[in-house]
Amino acid sequence: MGCGSSSSDSEPKLSIEQKQVIADSWKYLYVDLERIGMLLFMGMFDTHPETRPFFGFSESADSDDPKTSQRLREHGLRFMSLVKKLLTYIDDSEKFDTMLLDLGRRHINYKADINLVDVFGEQFIVSIRPTLKHTWNPKIEEAWAELFRYIASMMKRGMTENAKAT
C-alpha cells in the first residue's frame, strides 16, 4: 500500500508502527464487526443524510425500523468484511492498491459521490472508539485515520480513472 513507497509526498502512507497498531486493535474490533458496521452507517446517515440514497434509503429514513435495521446491518457487515479483506493485504502493496482502485471503479458505476468517500473513514473512527474505549489513544486514531486517508485517495483515483474512461 502506498504505505511506504508512494510516488507522491502528499499521498498518505502508513508506517510499520501504524500497521502494527492497526493489526493489534483489529483483534478487538474483529469480535464486534456487526455492531461497528451498524454504528458506522447509523452515524453516517445521521451526520450526512445525503448518503442515504446511495444505499437505497430515503433521506428521512428511520434507522429504528426493523426492515431498515436489517438493511443497515447488511451494509455494515459488507463494509466491515471489506475492511477485513483489505487488512489481509496491507503488506502487499500491489494487491492492496489494485483492490482499492477496483473498488473505486466499481463505486463510480454505483453512482457514488466522490466527495463523500472520505466520510467513511471519519465515521469508522467514531464507530470503533466505543469498542476500543479502554485502549483508545492518539496513536490508534492516527493509524486508522491514515489508513482511511489512503483508502479514500486510491478509491478516488479509481473513480476518476473510470469516469475518464467512460
Side-chain angles (χ1 to χ4, degrees), residues 1-3 12 14 18-57 61-93 95-114 116-137 139-156 158-159:
M1 157 180 167
C3 310
L14 278 177
Q18 286 174 319
K19 289 180 186 181
Q20 188 60 54
V21 167
I22 289 168
D24 291 344
S25 59
W26 181 252
K27 293 173 191 170
Y28 297 101
L29 300 174
Y30 184 74
V31 298
D32 209 11
L33 296 184
E34 184 175 314
R35 188 175 74 82
I36 294 168
M38 285 284 291
L39 286 173
L40 184 141
F41 276 91
M42 287 189 306
M44 183 173 66
F45 290 170
D46 185 46
T47 60
H48 294 84
E50 70 274 21
T51 62
R52 291 179 188 209
F54 295 109
F55 299 94
F57 300 99
D62 180 2
S63 63
D64 292 328
D65 176 72
K67 185 177 176 185
T68 303
S69 293
Q70 180 60 32
R71 287 173 52 208
L72 278 177
R73 184 173 291 109
E74 291 167 4
H75 283 302
L77 282 172
R78 194 173 304 124
F79 179 84
M80 295 304 291
S81 294
L82 174 64
V83 173
K84 175 185 171 190
K85 185 176 182 180
L86 287 171
L87 293 179
T88 303
Y89 297 104
I90 198 167
D91 290 318
D92 182 343
S93 299
K95 177 78 172 169
F96 195 88
D97 288 355
T98 299
M99 288 174 63
L100 291 172
L101 290 169
D102 288 345
L103 187 63
R105 290 180 193 114
R106 281 196 319 270
H107 276 74
I108 202 72
N109 292 331
Y110 304 145
K111 308 288 187 240
D113 184 340
I114 196 168
L116 295 174
V117 172
D118 295 308
V119 171
F120 284 91
E122 297 162 9
Q123 196 58 52
F124 182 83
I125 303 254
V126 170
S127 301
I128 66 173
R129 218 176 258 145
T131 302
L132 298 175
K133 63 184 169 203
H134 298 299
T135 58
W136 191 258
N137 63 55
K139 283 186 177 185
I140 292 173
E141 183 166 358
E142 182 52 33
W144 283 104
E146 190 68 9
L147 174 64
F148 274 94
R149 280 191 287 271
Y150 188 78
I151 290 171
S153 74
M154 292 301 289
M155 280 187 66
K156 288 176 182 179
M159 291 170 87

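Every value quoted in this text rests on a predicted model; they were computed, and no experiment measured them.
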Exercise for the section: Find the distance between CG (Leu33) and CE (Met38) and round it off to the nearest 0.5 Å. Expected result: 13.5 Å
Practice task
With the side chain counted from C-beta on, respond yes when Met99 and Leu103 share a heavy-atom pair under 4.5 Å apart, and no when they do not.
Solution key: no
Completion exercise
dist Glu122:CD -> His48:NE2 (nearest 0.5 Å) comes out at 6.0 Å
Exercise for the section: For the residue pair Trp144 and Phe124, categorise the inter-ring angle as parallel (less than 30°), tilted (30 to 60°) or perpendicular (more than 60°). Expected result: tilted
Completion exercise
All heavy atoms of Asp91 vs all of Lys19, minimum pair found to be OD1-NZ, 3.1 Å
Handout entry: Sub-4.5 Å side-chain heavy-atom contact between Thr47 and Val126
Key = no
Problem - Non-neighbouring partners of Lys111 that pass salt bridge (charged side-chain N to carboxylate O under 4.0 Å, His left out), sequence neighbours left out - result: none
Practice task
Quick one: closest heavy-atom pair of Met44 and Thr51, and the distance?
Solution key: CG-OG1, 3.6 Å
Practice task
Can you see which heavy atom on Ala143 is nearest to which on Gln18, and at what distance?
Solution key: CB-O, 3.7 Å
Handout entry: Beyond-backbone contact of Val83 with Ile151, side-chain heavy atoms, under 4.5 angstrom
Key = no
Problem - Step-by-step side-chain contact (heavy atoms from CB on, under 4.5 Å) determination, Leu14 to Ile90 - result: CA-CA 10 Å; Leu14 278 177; Ile90 198 167; 3.7 Å; yes
Exercise for the section: Mark yes or no for whether Arg105, through its side chain, and Gly158, through its backbone, hold a donor-acceptor pair below 3.5 Å. Expected result: no
Problem - Straight-line distance of Lys84 NZ to Leu29 CG, nearest 0.5 Å - result: 13.0 Å
Exercise for the section: Kindly indicate whether the side chain of Phe79, heavy atoms from C-beta on, has any atom under 4.5 Å from the side chain of Gln123. Expected result: no
Practice task
With the side chain counted from C-beta on, respond yes when Tyr150 and Asp97 share a heavy-atom pair under 4.5 Å apart, and no when they do not.
Solution key: yes
Exercise for the section: Given side-chain contact (heavy atoms from CB on, under 4.5 Å), test His75 with Phe45 step by step and report yes or no. Expected result: CA-CA 12 Å; His75 283 302; Phe45 290 170; 5.7 Å; no
Exercise for the section: State, with a plain yes or no, whether a side-chain heavy atom of Met42 is found less than 4.5 Å away from one of Leu72. Expected result: yes
Exercise for the section: Answer yes or no: is there an ion pair linking Glu142 with Arg149, defined by an N-O contact shorter than 4.0 Å? Expected result: yes
Practice task
Measure the spacing between CG of Asp46 and CG of Leu39 and express it to the nearest 0.5 Å.
Solution key: 12.0 Å
Problem - Over 12 foreign heavy atoms within 6.0 Å of OH, Tyr28 - result: no
Practice task
Please tell me if the side chains of Glu50 and Asp113 come closer than 4.5 Å, counting only heavy atoms from C-beta onward.
Solution key: no
Practice task
Answer whether the closest heavy-atom distance between the side chains of Trp136 and Lys133 falls below 4.5 Å.
Solution key: no
Handout entry: Nearest heavy-atom neighbours spanning Pro53 and Pro49
Key = CD-O, 3.7 Å
Exercise for the section: Supply the atom-to-atom distance Ile140 CD1 to Thr135 OG1, rounded to the nearest 0.5 angstrom. Expected result: 4.0 Å
Problem - Residues in side chain to side chain donor-acceptor pair (under 3.5 Å) contact with Lys95, at least two apart in sequence or another chain - result: none
Problem - Spacing of CD1 belonging to Ile125 relative to CZ belonging to Phe120, to within rounding of 0.5 Å - result: 14.5 Å
